[in-house]
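What follows is a set of notes on a single structure, which appears directly below.
Predicted model, so just to flag it, every value in this text is computed and none were measured. Protein chains get the first letters and strands the later ones, always in sequence-line order, with residue 1 at the start of each.
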2 protein chains.
Amino acid sequence: MSPRRSALAAQATRVAVIEETVNRASVEGLNGVSIGELAEGLGMSKAGVVGPFGSKEALQLAALDRAIEIFRHEIWDPAAGAEPGLARLKSISDLWLGYLGRGVLPGGCFLTQSACEFDGRPGPVKDAVVQALSRWHSVLEAEVTTAVAAGDLPDLDPGQVAFELNAIAQGVNQALQLRGDEQAVLRGRRAMRRTLHLD
Amino acid sequence: MSPRRSALAAQATRVAVIEETVNRASVEGLNGVSIGELAEGLGMSKAGVVGPFGSKEALQLAALDRAIEIFRHEIWDPAAGAEPGLARLKSISDLWLGYLGRGVLPGGCFLTQSACEFDGRPGPVKDAVVQALSRWHSVLEAEVTTAVAAGDLPDLDPGQVAFELNAIAQGVNQALQLRGDEQAVLRGRRAMRRTLHLD
DNA sequence: CCTACCGATCGGTAGG
DNA sequence: CCTACCGATCGGTAGG
């Protein structure tokens with residue numbers, strides 16, 4: 001009855017709806033998930049699901065934010081403990097492949113899924129996907145620049161290395177999700193090591 | 001009135017519906033396209049669109065077949081003129097990147113789009129996507145095997161090379177479609193050349 | 001956060 | 001290949 005309790009309950013509901021959306025959207029896509037499905041999965045009414053967000057698009061944006069948070073928690077945060085430069089790039093590679101291989105989300109990499117789904121659909125969701133991937137790209141570039149400056153890498157084009165690492169992650173994700181190819185993680189590791197001139 | 005004329009007309013209708021579906025689905029996905037949209041775009045009734053196929057799923061399979069045909073026509077057929085082995089792999093790489101860069105379909109690579117959309121949706125469409133990508137993978141592996149046997153490549157794992165080429169193509173497609181990154185094709189070319197040990 | 005409801009659209013079919 | 005229609009579901013809202 002107190003405002004505190006109801007505010008907490010409302011927050012818990014938001015979190016539960018977002019969690020369900022992230023899990024389902026990793027499989028079916030952010031557009032593929034309907035409010036009715038979410039409501040049934042959560043044992044709630046449709047109004048209860050969409051109410052806290054106002055619209056499906058606002059819920060999609062909230063789910064995307066949450067997926068980015070998970071990605072950061074799984075990869076960037078633990079890698080931040082490594083020395084900037086090549087050591088951190090190695091750490092990022094291992095964590096990234098581990099994240100994909102463990103199947104943290106049931107449908108694989110959320111950002112890859114969303115990028116595919118929204119690349120031809122202009123709007124706020126696409127803009128948010130572009131921003132998230134661009135930031136990740138910049139992070140990778142910065143680490144390459146540091147590694148080159150430290151003499152741990154030959155004079156590579158940072159954008160080229162970032163492009164290749166990202167492409168390899170996409171390849172691993174496709175092989176895992178589409179064909180359940182168990183070798184994919186190993187192939188991804190080999191490819192990333194070659195991109196980072198580690199062999 | 002003659003059966004011949006009406007059979008031809010029916011065939012022309014089938015082709016028009018498939019063409020429209022391929023174009024739209026490359027942008028919105030095979031599930032994202034509705035029969036009503038197709039009907040409006042073609043100036044036909046919904047019954048006229050779905051009738052020749054029987055169901056939306058049958059139309060999706062027909063569109064996928066057509067997209068595979070386009071891919072083969074754009075890449076495999078012209079590359080078949082090159083010597084088997086490394087020369088053909090170089091040819092495939094250039095044609096593949098050219099196909100992606102020219103924007104043959106408005107939404108980019110149809111197979112990548114479909115793979116993303118159906119990897120978590122078991123059924124006949126997913127099966128067809130898996131089969132098409134597996135065959136392409138085998139084609140690439142066979143060319144690598146030939147190139148290694150001819151001494152034009154070091155003793156590489158054909159599956160690894162096929163994996164990397166496919167990953168690079170996905171990376172190029174994403175960069176082009178999502179961010180309109182003009183450098184993507186150039187980056188893809190550099191990455192493929194490195195995978196094929198051409199530098 | 002629920003019930004009850006809105007107009008729109010979905011895939012698909014009957015009948016011609 | 002069209003008109004007319006089916007039940008189901010869509011995203012969303014009013015009112016409590």
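Note that NE2 of A:His137 and CD of A:Glu141 are 6.0 Å apart. Values are rounded to the nearest 0.5 Å. Considering CD of B:Gln183 and CD of A:Gln160, their distance stands at 9.0 Å, rounded to 0.5 Å. The distance from the OG1 atom of B:Thr146 to the CZ atom of B:Arg88 is 8.0 Å, given to the nearest 0.5 Å.
When Watson-Crick and G-U wobble pairs are counted only if both distances are under 3.5 Å, C:dT9 pairs with D:dA8. A 3.5 Å limit on both hydrogen-bonding distances identifies D:dC2 as the Watson-Crick or G-U partner of C:dG15.
Each of A:Ser34 and A:Ala47 lies near DNA chain D, and the nucleotide nearest A:Ser34 is the one positioned closer to the 5' end. Between A:Lys56 and B:Pro52, the one whose closest nucleotide on DNA chain D sits nearer the 5' end is B:Pro52.
Applying salt bridge (Lys or Arg N to Asp or Glu O under 4.0 Å) to B:Glu164 and the options A:Arg190, A:Arg194, A:Arg193, A:Arg187 leaves one that passes, A:Arg194.
Atom CD of A:Glu19 is surrounded by more than 12 heavy atoms from other residues, nucleotides or ligands within 6.0 Å.
A 4.0 Å heavy-atom criterion places the boundary nucleotides of DNA chain D facing chain A at D:dC10 to D:dT13, written 5' to 3'.
Using a 4.0 Å heavy-atom distance criterion, B:Ser45 is classed as a base contact.
Screening residues 44-55 of chain B for side-chain hydrogen bond (donor to acceptor under 3.5 Å, both in side chains) gives no qualifying pairs among residues at least two apart or on separate chains.
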